[in-house]
Number of protein chains: 2
Amino acid sequence: MLTKKKQLLFEKQAEIAKAIAHPLRIAIVDFLKDGQQCVCDIAEYVGSERSNVSRHLSVMVNAGVLEYRKEGLKVIYRLRTPCILDFFACVTGVLKQQAKDNQKLLAAL
Amino acid sequence: MLTKKKQLLFEKQAEIAKAIAHPLRIAIVDFLKDGQQCVCDIAEYVGSERSNVSRHLSVMVNAGVLEYRKEGLKVIYRLRTPCILDFFACVTGVLKQQAKDNQKLLAAL
DNA sequence: TGACTATATGATTATATACTCACATAATAA
DNA sequence: TTATTATGTGAGTATATAATCATATAGTCA
């Protein structure tokens, strides 16, 4: 049976995972891996309304994935933990496995 | 600007992330890291209705995170890619960073 | 001061997700 | 065959999330 302690941990982990589990937010994280950026540049890169991007950014800040700093009129966002990028290695691994399995299936037809 | 190719990749990645982004599903993945299990045992472990667990399992199968095999009356689920466990290392990293920052904040008060 | 710019947020709507209950399906054993 | 057990799925409801528009806030510069 699941302990209360583990349950709490899983809830925290789910919160972080949810904060990344959106195409736009993944695009943002990918954009930020090369360095910090302001909301305006992020919005232009991902091709969405600034208000929408601002909301997505605050979701990730609340989850602890991003952090920000104000600089004049602009707000600059950056990755808070480099290990977030490991997440993509993991997910890419799943995708590669899927592709491999599809290839096997195709070859068997 | 975001290329169509990258956009497609991010959508796929988000799908996989979403498949894990739930406390119950994280509990399931954690349970399965030590070996394959049937729905009934998974449901008992996580403390939820079998019908509900069955739905969560199928979400993860569709995303390519889990795979299953039938054995008599039972359906046995297992992790499809061991690298899924790396995900937890990543998320735990974020949580550790959060805890560290909280400690700093506390010490500064 | 007022105009301008970047960002955040309230309100609304549309959509997606999770859960429950009831029922369907399928394998097994008597 | 019937009864039993494990699993999956349709339907309904409740809740969460995403996107948009309008508006608020706050820093900058003329």
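Numbered from 1 within each chain, the chains take letters A, B, ... in sequence-line order.
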Are OP1 or OP2 of C:dA27 and a side-chain N or O of B:K70 less than 4.0 angstrom apart?
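False: B:K70 side-chain N/O out of range (4.0 Å or more) of C:dA27 OP1/OP2.
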For nucleotides 19-21 of chain C, tabulate all protein N/O to nucleotide N/O atom pairs closer than 3.5 Å, reporting atom names and distance.
from   : atom 1 : to    : atom 2 : distance (Å)
C:dC19 : OP2    : B:N52 : OD1    : 3.2
C:dC19 : OP2    : B:N52 : ND2    : 3.1
C:dC19 : OP2    : B:H56 : NE2    : 2.4
C:dC19 : O5'    : B:N52 : ND2    : 3.4
C:dT20 : O4     : B:R55 : NH1    : 2.9

Rounded to the Å, how far apart are [X] [atom1] and [N] [atom2]?
| X | N | atom1 | atom2 | result |
| --- | --- | --- | --- | --- |
| A:M60 | D:dA18 | CE | C1' | 14 Å |
| A:K74 | C:dT5 | NZ | C1' | 10 Å |
| B:Y68 | D:dA6 | OH | C1' | 15 Å |
| B:N62 | C:dA16 | CG | C1' | 15 Å |
| A:F10 | C:dA18 | CZ | C1' | 19 Å |
| A:L66 | C:dT7 | CG | C1' | 16 Å |
| A:I76 | C:dA8 | CD1 | P | 11 Å |

Can you list, in residue-number order, the parts of residues 38-47 of chain B that come under 4.0 Å of DNA chain D, counting heavy atoms only?
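Contacting residues: B:C38, B:V39, B:C40.
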Note down the inter-axis angle between the two ends of the helix from C:dT1-D:dA30 to C:dA30-D:dT1, five pairs each, to the nearest 10°.
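End axes: 10° apart.
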With sequence neighbours excluded, residues passing side-chain hydrogen bond (donor to acceptor under 3.5 Å, both in side chains) with A:D86:
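Here no residue qualifies.
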Going by the rule salt bridge (charged side-chain N to carboxylate O under 4.0 Å, His left out), which residues pair with [X] if we only count those two or more places apart in sequence or in a different chain?
| X | result |
| --- | --- |
| A:K6 | B:D30 |
| B:K96 | none |
| B:R78 | B:E67 |

Qualifying residues under ring pair (Phe, Tyr, Trp, His ring centres under 6.0 Å), relative to A:F88, sequence neighbours excluded
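A:F88 satisfies ring pair (Phe, Tyr, Trp, His ring centres under 6.0 Å) with no other residue.
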Mind checking what makes ring pair (Phe, Tyr, Trp, His ring centres under 6.0 Å) contact with A:F10, not counting sequence neighbours?
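Testing A:F10 for ring pair (Phe, Tyr, Trp, His ring centres under 6.0 Å), a comparison that skips the adjacent residues, returns none.
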Between A:N52 and A:H56, is there a side-chain heavy-atom distance shorter than 4.5 Å?
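Side chain of A:H56 against side chain of A:N52, heavy atoms only: contact under 4.5 Å found.
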Is the ring pair B:F31/B:Y45 parallel, tilted or perpendicular, if the boundaries are 30 and 60 degrees?
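Parallel, since the angle between the ring planes stays under 30°.
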Test your reading of the model: is there a side-chain donor-acceptor pair from [X] to the backbone of [Y], 3.5 Å cut-off?
| X | Y | value |
| --- | --- | --- |
| A:N62 | A:S58 | yes |
| B:Q98 | A:V65 | no |
| B:R25 | B:A19 | yes |

Restricting both atoms to N or O, compile the protein contacts to nucleotides 23-30 of chain D shorter than 3.5 Å, with distance only.
none

Please, which pairs that meet side chain to side chain donor-acceptor pair (under 3.5 Å) have at least one residue in residues 100-109 of chain A, sequence neighbours excluded?
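Every pair satisfying side chain to side chain donor-acceptor pair (under 3.5 Å) with a residue in residues 100-109 of chain A: A:Q97-A:D101, A:D101-B:R80.
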Run the side-chain contact (heavy atoms from CB on, under 4.5 Å) test on B:V39 and B:I76 for me, step by step, so that the C-alpha distance in whole Å, both residues' side-chain angles and the decisive distance to 0.1 Å come before the verdict.
CA-CA 7 Å; B:V39 180; B:I76 314 288; over 6 Å; no
Base, sugar-phosphate, or nothing: which does A:Y77 touch, judged by heavy atoms less than 4.0 Å apart?
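A:Y77: backbone/sugar contact only, no base atoms under 4.0 Å.
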Using the ring pair (Phe, Tyr, Trp, His ring centres under 6.0 Å) rule, collect all pairs that involve residues 89-109 of chain A, keeping only residues at least two apart or in two chains.
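Qualifying pairs: none.
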